[in-house]
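Taking it in order: structure first as structure tokens, then the write-up.
One is the number of the first residue; the rest follow in order along the sequence.
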Amino acid sequence: MSDLSRRAACRHNAARPMTPESALILGSTCHDNLFLNMGHGTLGWTMSLGSSRFVADLVFGHSTGIDSDGLGLGLGRYA
């Protein structure tokens, strides 16, 4: 490997954050312009389209089409 290639190289961590029970965290927060779409773990690609659609519907005030109970941070989920 040339010296130039070594300087251009960088490390990448590809971490896949997930919740202890492997359930997503989706939804609004106490801030009007902050929405959560995280905790997918190893199912990131699998769940990405549906969870993104869910959050987009929330952002634009549309019906989400699924029951969101237990997906947010509310009611002491991690307290």
Check S68 against F54 and note the closest heavy-atom contact, atom names and distance.
CB-CZ, 3.4 Å

Are I66 and V59 connected into the same hydrophobic cluster when the rule is that any two of I, L, V, M, F, W, Y join if their side-chain heavy atoms are below 4.5 Å apart?
yes

Using side-chain heavy atoms (C-beta onward) and a distance below 4.5 Å, is T29 in contact with F35?
no

Do L26 and V55 come close enough that some side-chain heavy atom pair is under 4.5 Å?
yes

Once rounded to the nearest 0.5 Å, what's the spacing between atom OG of S48 and atom CG of L43?
10.5 Å

Return the CG to OG1 distance between L24 and T19, rounded to the nearest 0.5 Å.
7.0 Å

Counting only heavy atoms not in D32 (residues, nucleotides, ligands), do more than 12 fall under 6.0 Å from its CG?
no

Residue set satisfying side-chain hydrogen bond (donor to acceptor under 3.5 Å, both in side chains) with S51, at least two apart, ordered chain then number -> N37, H40

Using the side chain to side chain contact (heavy atoms under 4.5 Å, CB included) criterion, which residues pair with L49? Sequence neighbours excluded.
none

Please list all pairs passing the salt bridge (charged side-chain N to carboxylate O under 4.0 Å, His left out) test where one or both residues lie in residues 36-53, with sequence neighbours left out.
R53-D57

